[in-house]
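Right, one structure below, let's go through it.
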Amino acid sequence: MKKYLKRLGIATGLSLTLVAAGCGSEDASQEAPTGDSNDDAVTEEVSVGEQLDFTITGIDAGAGIMAATENAIETYGLDDYQLQPSSGAAMTSALDAAIEREEAIVVTGWTPHWKFAAYDLKYLEDPEGVFGAAESIHTIVREGLDADLPEAYQVLDNFYWTPDHMGEIMVEVNEGAEPADAAAAWIEGNQDIVSEWTNGVDAVDGEAITLAFVAWDSEIASTHMIGAVLESIGYDVTLMSMEPGPMFTAVATGSADAMVAAWLPATHESYYEDFKEDFVDLGANLDGAKIGLVVPAYMDIDSIEDLKN
Ligand code: PBE
């Protein structure tokens with residue numbers, strides 16, 4: 001594989017520090033030809049892969065974006081790379097630490113997500129289309145919910161918002177708010193939108209409903225929000241956090257009543273195909289979602305293909 005020759009600039013803090021330390025030693029200054037500028041001293045051959053330690057920082061192993069990234073590694077021939085599983089929270093703290101030092105990092109990223117408001121980031125282009133085009137997030141309920149809890153069914157069927165709406169809750173939570181508090185504040189400030197989901201729906205008297213979700217930042221926001229809306233019309237709401245496979249299983253078997261966290265058509269395609277006969281898909285609650293590989297804007301690459309260099 002032909003290695004890409006990279007001229008290190010200010011952005012690659014670690015290498016610059018190493019070179020600077022070298023220059024400070026007597027040996028290095030003796031070896032350096034007279035008149036050598038600092039600029040030349042920081043020119044090195046470090047491939048993008050080496051800068052990244054051939055690691056893609058991932059999230060929880062069952063996430064759809066992890067399977068898609070394995071597929072990208074295969075499709076783009078990124079044979080030397082490993083996909084490091086972690087969690088959504090560990091991924092964003094690795095991103096934060098790398099940006100703090102202006103180091104190279106590539107993460108499994110998705111929109112809506114607060115990280116795009118907090119940092120200057122970019123998606124790597126995906127000319128092979130491995131990560132699919134725009135995604136929608138669907139609301140899925142158990143068989144029989146329309147008969148058993150018709151008011152909840154109506155609200156869940158009506159629920160539709162935008163990536164910006166979801167983002168407002170995510171940003172608050174990232175800044176330290178409890179998800180329930182951030183959801184309540186959003187509902188308070190967006191009565192016009194929420195009333196479109198609840199208008200004409202009768203109040204209920206403490207009937208129990210359980211919502212399954214995975215603790216991804218986006219789904220923490222949406223599930224707490226819609227849970228609070230259901231509480232506002234009288235439901236006794238339980239939010240159950242679980243892994244992605246169990247989330248789909250729970251709604252398919254009826255151990256959970258609903259979820260608002262199915263990313264389709266691509267991200268959760270395999271889970272969806274496994275269970276689609278056993279639950280009811282109420283369609284999109286959000287359009288314009290996206291998954292892909294994400295890097296800090298200061299990195300000198302634009303496409304997943306560039307990871308090979
Ligand atoms: N995500 C957020 C999930 C769906 C929601 C993109 C991390 C996934 O990859 O499965």
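Read the numbers this way: they start at 1 and go in the same order the structure lists the ligands and their atoms.
Set against the non-hydrogen atoms of Gly64, the atoms of ligand 1 under 4.0 Å away are 8 (C), 9 (O), 10 (O). Against a heavy-atom cut-off of under 4.0 Å, Ala63 is close to the following atoms of ligand 1: 8 (C), 9 (O), 10 (O). Taking every non-hydrogen atom of Ile291 and a distance limit under 4.0 Å, the qualifying atoms of ligand 1 come out as 6 (C). In the vicinity of Trp263, heavy-atom distances shorter than 4.0 Å reach the ligand 1 atoms 2 (C), 4 (C), 5 (C).
Between Phe248 and Phe275, the ring-plane angle classifies as parallel under the 30° and 60° cut-offs.
Residue contacts with ligand 1: His268 is included, with a non-hydrogen atom under 4.0 Å away.
Residue pairs meeting the side chain to side chain donor-acceptor pair (under 3.5 Å) criterion with at least one partner in residues 105-116, sequence neighbours excluded, are Trp110-Ser218, Thr111-Tyr123, His113-Asp217. Within the structure, the salt bridge (Lys or Arg N to Asp or Glu O under 4.0 Å) test picks out the following pairs touching residues 117-141 (sequence neighbours left out): Lys122-Asp302.
In this model, a donor atom of one side chain and an acceptor atom of the other lie less than 3.5 Å apart for Thr139 and Asn285.
Of the polar atoms of Ile59, none of the N or O atoms is found under 3.5 Å from an N or O of ligand 1, judged by distance alone.
In this structure, Asp192 places its CG atom where more than 12 heavy-atom neighbours from other residues, nucleotides or ligands lie under 6.0 Å away. Few gaps surround CD on Gln82; more than 12 heavy atoms of other groups in view lie less than 6.0 Å from it.
With a 4.0 Å heavy-atom cut-off, ligand 1 is reached by the backbone of Ile65 and by its side chain too. Of all the heavy atoms of Thr267, the ones lying under 4.0 Å from any atom of ligand 1 belong exclusively to the side chain.
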